[in-house]
Amino acid sequence: MHKIEVPNHHFRIDQICGSGQCFRLDRVEDRIYEVIAGEKYLKIKQYPDKTSFYCTEKEYTCFWKMYFDLDVCYETYIESIDKGDTYLSKAAAFGEGIRILRQDVWEMIVSFILSQQNNIPRIKQLIRILCEQCGEERRSPEGRVYYTFPTAERLSEVEESTFREWKLGYRSRYLQETARAVAEGKVRLSDLSGMEYETAKKELMKLCGIGAKVADCICLFALHKLDAFPVDTHIQKVLEREYKKGFPFERYRGYAGVMQQYIFYYDLKNGVAMKEM
DNA sequence: GTTCAGGTGGGAT
DNA sequence: ATCCCACCTGAA
């Protein structure tokens with residue numbers, strides 16, 4: 001099996017895995033991860049100093065390098081952090097290997113519609129059901145079975161009641177209506193990446209089940225609009241606790257979303273650590 | 001039994 | 001505009 005090796009410069013798969021931006025990236029063995037993006041499958045092995053991508057040179061340069069945003073230097077983002085901002089400095093040091101992925105728009109729309117009032121394991125489970133029921137079965141180079149992410153056209157054919165049987169709950173209607181709207185071309189997904197952040201966000205919010213928070217997640221994790229700063233209940237609490245005078249969005253103009261990820265990951269992992277004490 | 005988990009839509013003010 | 005609350009489900 002052909003593989004590509006890259007140094008781990010501000011790149012940690014486990015951190016990306018735990019940052020909640022991707023629901024189809026999983027650790028399958030020690031150091032080994034698998035990710036499915038749209039129709040594509042990739043096996044990854046990450047050592048302390050380097051990462052092996054099990055794919056061809058072409059697949060790496062044309063897709064995965066871009067997908068993991070490996071052309072961008074995240075050290076620059078981290079170095080720009082206000083040294084007097086102890087909380088953000090600690091958060092960034094803790095999650096320094098996080099990268100903002102460039103995921104598929106439709107996949108993020110569905111994933112974050114399902115994410116509301118839901119936890120990560122359950123979101124993953126719901127996505128797994130959708131892929132197994134409506135995606136296409138494929139095999140990895142090593143023969144592992146996986147399922148592609150179902151298209152809007154395919155999901156628009158599914159009854160709302162069927163989604164409810166699959167335990168999507170009240171999100172069933174949102175998904176049904178959004179899949180239909182996208183399949184009918186009411187919102188043209190291919191146009192979104194060319195739009196400014198605010199415009200793309202407004203366009204996304206035309207879809208049923210997509211409010212400000214979900215739209216920001218889609219802007220950040222699919223459209224790579226780094227201005228997007230999704231505020232969920234977790235981030236809200238951190239802002240109230242650590243930034244009573246307001247978060248310095250001006251200072252991080254153009255990449256506040258990267259800071260959001262450091263904060264989110266830091267808060268999420270510390271929350272778990274606290275519970276285990 | 002209650003609350004909460006990475007919110008949103010719809011209706012009342 | 002802003003507030004309020006119902007909404008599916010499963011786990012603590």
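Convention: sequence-line order gives letters A, B, ...; per-chain numbering from 1.
- Applying the ring-ring contact (aromatic ring centres under 6.0 Å, His included) criterion to Y74(A), with sequence neighbours excluded, gives Y77(A).
- Using a 4.0 Å heavy-atom cutoff across all strands shown, I123(A) reaches no nucleic acid atom at all.
- Between E159(A) and R164(A), none of the side-chain N atoms (NZ, or NE/NH1/NH2) sits under 4.0 Å from a carboxylate O, so this pair counts as no salt bridge.
- Among the atoms of the strands shown, only primed sugar atoms or phosphate atoms (P, OP1, OP2) are found under 4.0 Å from some heavy atom of L207(A).
- Using P as the reference atom, dG10(C) and dT8(B) are 22 Å apart when rounded to the nearest Å.
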Tabulate protein N/O versus nucleotide N/O from nucleotides 10-13 of chain B, keeping only pairs under 3.5 Å, one per line.
{"from": "dG10(B)", "atom 1": "OP1", "to": "R173(A)", "atom 2": "NH2", "distance (Å)": "3.3"}

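- Applying the salt bridge (Lys or Arg N to Asp or Glu O under 4.0 Å) test to E39(A) and every residue at least two apart in sequence or in another chain returns R138(A).
- In terms of modelled atom types and a separation under 3.5 Å, the side chain of S19(A) and the main chain of Y265(A) share no donor-acceptor contact.
- D227(A) places a side-chain N or O within 3.5 Å of a backbone atom of G254(A) that can act as its donor or acceptor partner.
- Spacing between atom NZ of K124(A) and atom P of dG6(B) amounts to 13 Å, rounded to whole angstrom units.
- There is a side-chain donor-acceptor pair under 3.5 Å between T51(A) and Q46(A).
- One can place OH of Y265(A) at 15 Å from P of dG6(B), the figure rounded to the nearest angstrom.
- Residue pairs meeting the side chain to side chain donor-acceptor pair (under 3.5 Å) criterion with at least one partner in residues 24-33 of chain A, sequence neighbours excluded, are D26(A)-K124(A).
- Contacts between residues 14-26 of chain A and DNA chain C, defined by a heavy-atom separation under 4.0 Å, are absent.
- Cluster note: Y147(A) groups with V145(A) through ILVMFWY side-chain heavy atoms spaced under 4.5 Å, whether in direct contact or through intervening members.
- Applying the side chain to side chain contact (heavy atoms under 4.5 Å, CB included) criterion to E184(A), with sequence neighbours excluded, gives R180(A), K186(A).
- Between the side chains of Y255(A) and S80(A), at least one donor N or O sits under 3.5 Å from an acceptor N or O.
- Here the P atom of nucleotide dT8(B) and the CZ atom of F112(A) are 11 Å apart, to the nearest Å.
- Note: CD1 (I109(A)) to C1' (dT8(B)) measures 16 Å, nearest angstrom.
- For dG7(B), its base never sits under 3.5 Å from the side chain of K213(A) at any donor and acceptor pair.
- Secondary-structure annotation of DNA chain C gives the stems B:2-5 with C:9-12, B:7-13 with C:1-7, with a stem taken as at least 3 successive Watson-Crick or G-U pairs whose two distances both fall under 3.5 Å.
- Without hydrogens or angle criteria, D49(A) side chain to P7(A) main chain gives no donor-acceptor distance under 3.5 Å.
- Electrostatic pairing of K43(A) and E34(A) does not count as a salt bridge here, judged by no charged N lying under 4.0 Å from a carboxylate O.
- For the P atoms, the distance linking dC3(C) with dG6(B) amounts to 24 Å, nearest Å.
- Listed by chain and number, the hydrophobic cluster partners of Y54(A) are M1(A), where partners are ILVMFWY side chains within reach of under 4.5 Å, directly or through others.
- Distance, Q116(A) CD to dC5(C) C1': 14 Å, rounded to whole Å.
- One interatomic measurement links the two molecules: CD1 of I218(A) to P of dG7(B), which rounds to 14 Å at whole-angstrom precision.
- Within residues 219-237 of chain A, no residue places a heavy atom under 4.0 Å from DNA chain C.
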Show the distances under 3.5 angstrom between N or O atoms of the protein and N or O atoms of nucleotides 8-12 of chain C.
{"from": "dC8(C)", "atom 1": "OP1", "to": "R164(A)", "atom 2": "NH2", "distance (Å)": "3.0"}
{"from": "dC8(C)", "atom 1": "O5'", "to": "R164(A)", "atom 2": "NH1", "distance (Å)": "2.8"}
{"from": "dC8(C)", "atom 1": "O4'", "to": "Y170(A)", "atom 2": "N", "distance (Å)": "2.9"}
{"from": "dC8(C)", "atom 1": "O2", "to": "R171(A)", "atom 2": "NH1", "distance (Å)": "2.9"}
{"from": "dC8(C)", "atom 1": "N3", "to": "R171(A)", "atom 2": "NH2", "distance (Å)": "3.3"}

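- Residues passing the side chain to side chain contact (heavy atoms under 4.5 Å, CB included) test with V214(A) are F112(A), I210(A), I218(A), sequence neighbours excluded.
- Checked for salt-bridge contact, R173(A) and E177(A) meet the test: a charged N lies under 4.0 Å from a carboxylate O.
- Between the side chains of Y252(A) and D82(A), not a single donor N or O lies within less than 3.5 Å of an accepting N or O.
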